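Structure first, commentary second.
Letters A, B, ... mirror the listed sequences (proteins, then strands); counts begin at 1. All values derive from a computational prediction rather than experimental measurement.
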There are 2 protein chains.
Amino acid sequence: MKLPPLNALRAFEAAARHEGFIAAADELCVTRGAVSQQIKALETHLGVPLFHRHSRGVALTEAGRRLLPVLSDAFGRIAGATNALSEQAADLRIICPPATSIRWLIPRLDAFRAAHPEIRVRLTTEFHSGGNYDAAEYDIGFTCALSPGRSPDIETRELFPVFLTPGCAPSMLEGEAALKRPEDLARVKLLHEVAERSDWQAWLDRFPVPGVSAESGDVFPNLDMATRAAVIGSGVVMADLVLCREEIERGQLVLPFPDMVRTSPQGPICLISHRERWQEPKVRRFAEWVEQEAGRDRAALDLERFDEV
Amino acid sequence: MKLPPLNALRAFEAAARHEGFIAAADELCVTRGAVSQQIKALETHLGVPLFHRHSRGVALTEAGRRLLPVLSDAFGRIAGATNALSEQAADLRIICPPATSIRWLIPRLDAFRAAHPEIRVRLTTEFHSGGNYDAAEYDIGFTCALSPGRSPDIETRELFPVFLTPGCAPSMLEGEAALKRPEDLARVKLLHEVAERSDWQAWLDRFPVPGVSAESGDVFPNLDMATRAAVIGSGVVMADLVLCREEIERGQLVLPFPDMVRTSPQGPICLISHRERWQEPKVRRFAEWVEQEAGRDRAALDLERFDEV
DNA sequence: CACCATGGGAGAGATTTTCTAACTCATTCT
DNA sequence: AGAATGAGTTAGAAAATCTCTCCCATGGTG
């Protein structure tokens with residue numbers, strides 16, 4: 001396959017389409033002279049004149065008329081394919097479970113958008129385990145490290161651990177029904193993120209409390225709503241120290257047993273993506289930004305306080 | 001229509017097709033480094049990696065796999081169209097009437113082929129008037145200047161005039177039947193090029209000879225055969241001073257009435273081509289070469305001797 | 001297990017291509 | 001006649017592209 005100089009072909013295509021060198025030069029953002037030279041070079045290369053030069057303007061020769069549609073078509077296809085690629089390259093499709101989304105990602109995301117306006121962020125807030133992460137639908141996701149059933153091409157990167165300890169409204173530490181010892185949990189309502197009650201179960205496995213069962217209490221569709229129920233004094237939620245940091249720092253949520261902390265059995269929160277995708281600029285930028293933000297949370301938590309379990 | 005750098009696309013296409021940068025570099029006659037840089041530039045431009053880099057070789061990414069067929073197809077179309085043009089640009093299709101062809105063009109044509117080996121000459125020897133010259137079939141032709149019915153897009157360039165005077169074998173000037181005066185033509189056979197007997201008729205119109213009519217004599221399919229008949233003493237041909245120059249100089253053909261010369265009523269021999277085609281390199285080169293050769297003939301003839309009629 | 005062959009990456013500097021800027025020419029419109 | 005239009009030409013500047021040299025990682029091989 002022998003090809004003539006491609007840039008000369010592009011110059012010719014533009015000039016032929018506009019039936020003039022000046023319009024072509026404008027389109028290509030060069031001077032008329034450049035177009036003139038390119039086209040002359042192409043004519044020399046092919047050995048056929050492509051334009052008749054009149055004193056005023058140019059007109060295609062027979063040869064030029066034959067060449068134009070082929071080039072326009074070919075360049076059109078190339079433009080279509082490459083634009084589709086860049087188009088898609090600009091879209092960053094993120095999937096994030098509800099609690100992480102509303103409590104961690106969304107508050108920070110505008111900063112990312114501001115820092116990278118060229119990336120169109122499309123966030124889907126939806127529960128998903130690492131096992132059913134769909135690399136075709138999403139460029140990157142948030143999930144738990146130990147989710148089973150991942151294909152070997154799907155890789156994760158750890159962000160921060162999930163530290164669990166009961167949390168409640170400050171009012172619950174006061175009065176005669178105050179939560180003072182773990183046994184007091186038997187007198188209050190447990191607030192669960194999902195029907196499986198796994199967080200409370202995990203904590204109770206680590207710190208068994210007689211008379212307290214994970215089977216009791218209210219169930220919410222996600223951790224955010226359970227936490228908000230706790231804040232308004234409805235019961236005790238199994239709080240995630242990272243995701244609930246704001247409420248804890250503001251004193252809206254208090255930790256009655258701050259030394260009784262365990263990590264989630266599902267492992268730390270992590271980013272998840274296809275092995276190949278990490279290198280894509282949009283993904284790399286987002287991942288780097290997320291890791292930086294997560295680093296701040298890890299630092300703020302003073303993780304060394306806790307024994308990992 | 002926004003296009004990525006075309007040369008980078010070509011580098012990518014070659015690399016993707018060969019599944020390796022080295023093979024691509026060989027195909028493009030550059031170094032691996034050049035291919036590597038071009039492809040990196042393209043990836044940066046599109047914002048998507050097109051290859052996975054392994055320690056040994058590369059493999060297309062999803063994006064690369066989508067781009068490759070489009071590019072291969074587009075470049076293939078471009079190559080096809082441009083090759084067809086150059087291909088045709090290399091063919092020089094000439095049409096030339098028989099006498100001019102055999103007596104003038106063919107003896108000189110090898111010199112042209114040697115001087116321009118890149119041009120494939122395809123000569124068609126066939127009678128045609130300027131009026132039915134077909135610019136789609138032939139790039140250039142030889143004809144008479146005054147042929148009627150030409151379209152305005154068909155232009156001619158004069159080569160040399162057609163000087164007509166009787167010619168015969170030297171033997172005819174000897175003996176008791178020797179041609180001494182025009183009246184002696186009544187005793188010999190006239191040799192005609194075509195049934196129309198126009199050359200003899202034209203000469204006789206200019207130099208009327210009592211008792212001699214263009215209606216008599218033998219007819220040949222072309223001037224070459226009529227001339228050869230004259231050389232072997234069969235009769236008197238209406239000789240063209242240019243086309244018969246060789247025989248005249250060698251003494252095979254003698255001119256009994258060297259002062260009785262007239263130009264052909266059909267005008268001089270000329271080149272004929274489409275207005276647009278003269279600029280095509282192959283046509284221009286041929287035309288220039290022909291004009292140069294014709295110039296030699298005009299000089300050799302010492303045209304000033306003759307009164308043009 | 002050292003060693004070499006393979007295939008690609010990086011960076012500096014050379015080279016080639018391409019573009020610009022200024023001017024020219026021919027023609028048409030006013 | 002003079003202005004405006006559209007293209008051609010040229011030298012030199014700018015930009016792109018390439019080469020060259022050295023680097024790294026991997027996978028056979030003796």
Side-chain angles (χ1 to χ4, degrees), chain A residues 2-46 48-61 63-64 68 75 275-276 278-281 284, chain B residues 2-46 48-61 63-64 68 75 275-276 278-281 284:
Chain A
K2 267 188 75 125
L3 286 169
L6 292 172
N7 292 323
L9 289 175
R10 175 161 49 180
F12 164 74
E13 196 273 341
R17 190 155 28 80
H18 290 114
E19 298 186 329
F21 289 11
I22 293 182
D26 289 347
E27 175 179 317
L28 300 172
C29 300
V30 295
T31 57
R32 322 92 184 277
V35 174
S36 175
Q37 289 173 61
Q38 291 280 26
I39 288 173
K40 171 140 27 120
L42 181 60
E43 291 177 322
T44 305
H45 178 97
L46 295 176
V48 198
L50 298 168
F51 285 105
H52 299 298
R53 271 74 169 179
H54 303 129
S55 56
R56 214 177 172 77
V58 290
L60 282 171
T61 61
L68 173 61
F75 287 146
R275 181 172 47 78
E276 299 181 349
W278 293 108
Q279 299 315 315
E280 294 188 22
R284 206 177 57 236
Chain B
K2 267 190 77 113
L3 286 168
L6 292 172
N7 292 323
L9 288 175
R10 175 161 48 182
F12 165 75
E13 198 273 340
R17 190 157 27 80
H18 289 113
E19 299 187 329
F21 289 10
I22 292 183
D26 289 348
E27 175 180 315
L28 300 172
C29 301
V30 294
T31 57
R32 322 90 179 277
V35 173
S36 175
Q37 288 174 64
Q38 291 279 29
I39 288 173
K40 171 136 31 116
L42 181 60
E43 290 178 322
T44 304
H45 178 96
L46 295 176
V48 198
L50 298 167
F51 285 107
H52 298 298
R53 271 72 167 180
H54 302 130
S55 55
R56 217 178 170 77
V58 290
L60 283 172
T61 61
L68 173 60
F75 287 147
R275 180 174 47 80
E276 300 181 350
W278 293 108
Q279 299 316 315
E280 293 188 22
R284 206 177 56 235

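Which of D/dT26, C/dC19, C/dT28 sits closest to the side chain of A/Gln38 comes down to C/dC19. Taking the side chain of A/Val58 as heavy atoms from C-beta on, and the options D/dA7, C/dG8, D/dT19, the nearest nucleotide is D/dA7.
B/Ser36 comes within 4.0 angstrom of the backbone, heavy atoms only, and of no base. Residue contacts for B/Arg53: at a heavy-atom cut-off of 4.0 Å it reaches the sugar-phosphate backbone alone, with no base atom in range.
Each of B/Asn7 and A/Phe21 lies near DNA chain D, and the nucleotide nearest A/Phe21 is the one positioned closer to the 5' end. Sequence order on DNA chain D of the closest nucleotides to B/Val35 and A/Gln37 puts A/Gln37 first from the 5' end.
Nearest heavy atoms, A/Leu60 versus A/Ala16: CD2-CB, 3.8 Å.
Straight-line distance from the CG atom of A/Leu6 to the P atom of D/dT17: 11 Å, rounded to whole Å. To the nearest angstrom, P of C/dT6 lies 19 Å from CD of B/Glu19.
At the phosphate of D/dA25, neither OP1 nor OP2 sits under 4.0 Å from any side-chain N or O atom of B/Ser55. Note on B/Lys40: a side-chain N or O is less than 4.0 Å away from OP1 or OP2 of C/dA10.
Between the NE2 atom in B/His18 and the CD atom in B/Glu13 there is a gap of 8.5 Å [rounded to 0.5 Å]. One finds the OG1 atom of A/Thr44 at 11.5 Å from the CD1 atom of A/Ile39 (value rounded to the nearest 0.5 Å).
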